[in-house]
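Everything numeric in this text was worked out from a predicted model, so none of it was measured. Hydrogens, waters and symmetry mates are skipped; everything else that's a heavy atom, side chains included, is used.
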Amino acid sequence: MSTASQESLKSTPLDMSNVRIDPSWALRIPVSLARRKNVLPCCQLGDRVMVACIDCHDVATLDTVERQLGQLIEPVLADEESLKMVIRDTFGGQVARTGAIRVAAERGDGDQDAVQMCEEILQAAALRDASDIHVDPLSQRVRVRLRVDGQLEQYRHFSSELHPLITSRIKVLANMDISERRSPQDGRFSWTSSRGDSIDVRVATLPTRLGESLTLRLLTNNIDNLTLSKLGMDSDDLKRFSDAINRPHGLVLLTGPTGSGKSTTLYAGMRELVSKRSLHVVTVEDPIEYEMDGIAQVAVDSADKVNFGKALRSILRNDPDVIMIGEIRDAETADIAIKAALTGHLVFSTLHTNTAAGAVTRLIDMGVQPFLIAATLRLAVAQRLVRRLCQHCRNETTISTSEAAAIGMPEAKGAAAYQADGCIYCAGRGKTGRTGLFEMLPVSGAMTQLISSGADEIDLHELARKEGCRTLSEDAFQKIAKGILMAADAQASVAAW
């Protein structure tokens, strides 16, 4: 960070509501110190930890924070009201023991602190808006990592002695057998963060050579921001998607790898539909990712003998207008989806294919006749998720030869691009949140005839481009030029599939 930027942070009060907090630093100090003195470590930039405070000249308090962190600090003048609100959101109702719990865990003592340690880990994940928590036993210690915006971040390590205590605590919460350590188990529980967010936690254990590995999937029920306009589609793609989901019947497919935001896009579409019209919407999912009022949601559970086929056959007898199938995974599911679309239902679902045109090939591989695909498919969308650049610390650069080649556009070499080094607003990461890359394949007119004739992906792809649809690479390049994402992130997302 430049000297001018440092002076600005010391002279102009910072609105903390715009700052992302790094829990690996924030949760190192006692709650009592944060609340009494109105101080909060935010993130590390370079060799210093940025500490938000209301008095940058309170040497005694800053020295105490520095000792607690064991790291050089840089004070940042913060707006008092917003700082108090962030401190409240960070610590919630915790007792004033956070720093002591961390020290006890690292030393391997304090069995009674297992409950607080689990609470701290969950709270850290909530602060970082993590989608998953990974607890992995290593030879000398236990590693905790958080998956944030699709990337694994190391949160902390703690003593191996605490591992069975943490594992048992999570198993108790998830109603799992704490005595079973040789077989994988699954469970779930609900947890409320200090910000008041209700989070559904899915737990999976896996026996390894060094002990049980835990994976916790965090599903938030907050759908306030679940709108089509916030997914990252440009105006043309948004119109194509809106036109498809407003058709009275047909099949709309989202394709892409696991974790690419397919279900989120479908939910945003359903939410828009039910906000405009009175519809009977039924979903079949494994698991239910968003809980929405006004929608009948069916959870697939093999233990209860509820599979996709049985659920879908029952759904068709319940007079739905819109059906969402979590994934078309076999010939039976594909057959039911096609028949539902043919008989006057609007059907949403997902597939695992590389491109939008690949959805047609995948359905044919499952045994669906090309003429049936042409008659029912309204839109196929390929989607990826990429991390957004922080708009506060981004700076201009150019696309390198290797980056241009990796996104499939050699001609983009030397074009304007952006990168970010990290600042207090993005917790030093240079990225804040994610946006989507989209590739649309609308099916009408000439596209219908091409699918009926059994044309391959290349022909379908070429026709879509002639009709003005962009590829994933072209959408990525457009967002790179606008400074929304970094070329290297687009390269990793597009080149991977």
Side-chain angles (χ1 to χ4, degrees), residues 1 6 9-110 112-128 144 146 154-159 162 192-196 423-425 427-428:
M1 181 178 290
Q6 291 178 358
L9 289 175
K10 289 182 180 180
S11 59
T12 305
L14 183 68
D15 183 359
M16 294 296 295
S17 61
N18 297 321
V19 174
R20 293 192 78 174
I21 302 300
D22 185 345
S24 62
W25 291 107
L27 298 180
R28 287 194 178 207
I29 67 172
V31 185
S32 57
L33 175 62
R35 288 174 174 163
R36 189 176 69 254
K37 296 296 185 179
N38 286 314
V39 292
L40 185 69
C42 299
C43 66
Q44 183 174 5
L45 297 180
D47 63 345
R48 293 176 181 267
V49 176
M50 311 303 288
V51 177
C53 57
I54 59 174
D55 184 1
C56 292
H57 304 290
D58 186 353
V59 177
T61 297
L62 295 176
D63 283 347
T64 301
V65 172
E66 194 167 78
R67 285 195 303 273
Q68 289 281 344
L69 300 180
Q71 184 78 24
L72 293 174
I73 67 170
E74 184 73 36
V76 177
L77 183 62
D79 171 71
E80 184 172 357
E81 289 304 314
S82 64
L83 177 57
K84 287 181 177 180
M85 181 184 68
V86 171
I87 291 173
R88 184 168 59 249
D89 288 345
T90 300
F91 295 102
Q94 294 182 43
V95 293
R97 302 178 61 205
T98 303
I101 291 171
R102 178 174 290 270
V103 171
E106 289 170 349
R107 291 176 178 172
D109 56 340
Q112 72 277 13
D113 290 323
V115 172
Q116 287 87 348
M117 278 303 306
C118 288
E119 188 73 15
E120 181 193 319
I121 292 169
L122 288 166
Q123 180 62 15
L127 287 172
R128 286 295 291 150
V144 178
L146 311 177
Q154 187 158 294
Y155 172 57
R156 60 162 297 183
H157 292 89
F158 54 84
S159 170
L162 205 59
T192 302
S193 73
S194 60
R195 293 182 294 195
C423 66
I424 193 170
Y425 292 98

Check: [Y] and [X] side chains under 4.5 Å, non-hydrogen atoms:
X	Y	answer
P13	L77	yes
Q68	P30	yes
L45	E74	no
M16	C42	yes
R28	R156	no
R88	S194	no

message: According to salt bridge (Lys or Arg N to Asp or Glu O under 4.0 Å), who are the partners of R20, at least two apart in sequence or on a separate chain?
response: D129, D149

Under the side chain to side chain contact (heavy atoms under 4.5 Å, CB included) test, residues paired with [X] that sit two or more places apart:
X	result
A34	I29, I87, F91
D89	M85, R195
I54	N38, E80, L83

When you measure from the side chain of [X] to the backbone N and O of [Y], does any donor-acceptor pair fall under 3.5 Å?
X	Y	answer
D15	N18	no
Q71	D47	yes
Q44	G46	yes

field: Minimum heavy-atom distance V39-C53, with the two atoms named
entry: CG1-CB, 3.8 Å

- prompt: Where is the tightest heavy-atom contact between P41 and V49, given as atom of each residue plus distance?
  reply: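 Heavy-atom minimum between the residues: CB-CG1, 4.0 Å.
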
message: Suppose the criterion is side-chain hydrogen bond (donor to acceptor under 3.5 Å, both in side chains): which pairs have a residue in residues 49-58, not counting sequence neighbours?
response: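 Output for this query lists D58-T61.
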
Which distance, rounded to the nearest 0.5 Å, do you find between the [atom1] of [X] and the [atom2] of [Y]?
X	Y	atom1	atom2	answer
M50	C423	CE	SG	9.5 Å
E119	Q116	CD	CD	8.5 Å
R48	L69	CZ	CG	13.0 Å

Identified side-chain contact (heavy atoms from CB on, under 4.5 Å) partner of C43 from the options D22, V19, I21: D22

statement: The side-chain hydrogen bond (donor to acceptor under 3.5 Å, both in side chains) partners of T192 (sequence neighbours excluded) come to none

